Structure formats: structure tokens, C-alpha cells
Amino acid sequence: MSQAKVDRYKEEKRNRAKIIKKEKRQWMATKAGLSLVALVLVVWAGVSVYNGINAPDSSQIEKPTYTVDTSAVDDFLSDMSVEE
């Protein structure tokens with residue numbers, strides 16, 4: 001082994017406890033973040049289901065109706081098919 005490799009190994013060995021603690025902190029932070037995301041998804045799904053169950057019946061809600069006059073489009077299309 002070269003002297004540089006030996007020095008790196010000794011440095012790593014000296015700081016091994018710090019490195020292990022840092023890795024544990026990173027792993028715990030990752031687990032906490034993933035747990036938070038999972039919790040948010042579960043709560044969101046629960047609220048969605050709750051709101052769907054407790055929504056008023058669709059027969060009670062007055063839905064808006066829209067009418068569209070398509071006679072101009074129909075006339076245009078019929079003129080297009082006649083010319084071919």
C-alpha cells in the first residue's frame with residue numbers, strides 16, 4: 001500500500017465513530033421523510049373518502065345546464081359534403 005492509502009485508512013479509522021453517527025442521522029432523516037410522505041398520502045386518501053361519503057346526494061344538487069346552437073356548424077359541414 002502506498003503511504004497515501006495508509007494515511008487515508010488511518011484517518012477513516014480515527015473518524016469511524018463520527019462517520020457511523022452521520023450515516024445513522026441520514027438514515028433516520030430519510031425514514032422520517034418517507035414516513036411523513038406516507039402519512040400525508042394516507043390522510044389525503046382518508047379525507048377524500050370521508051368527503052365522498054358525506055357529500056350531498058347528486059339528486060339534491062342543482063346542476064347547471066348549457067345549450068349550444070350548432071346549426072351553423074351543421075350547415076357548414078353539410079355544404080362541405082355536397083361539394084365533394
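All heavy atoms count here, side chains included; hydrogens, waters and symmetry mates do not. Bear in mind the structure is a predicted one, so any value in this text is a computation, not a measurement.
Taking NZ of K10 as the reference point, atom NZ of K5 lies at 15.5 Å (rounded to 0.5 Å). K24 contributes atom NZ, which lies 13.5 Å from atom CD1 of I19 (distance to the nearest 0.5 angstrom). In this structure, CG on L36 lies 9.5 Å from CG on L41, to the nearest 0.5 angstrom. Atom CG of D74 and atom OG1 of T70 lie 4.0 Å apart (nearest 0.5 Å).
Between P64 and Y66 the shortest side-chain heavy-atom distance falls below 4.5 Å.
F76 and V73 end up in the same hydrophobic cluster when Ile, Leu, Val, Met, Phe, Trp and Tyr side chains are linked at under 4.5 Å.
Ion pairing between a basic and an acidic side chain is recognised when a charged N comes within 4.0 Å of a carboxylate O; R14 and E11 show such pairing.
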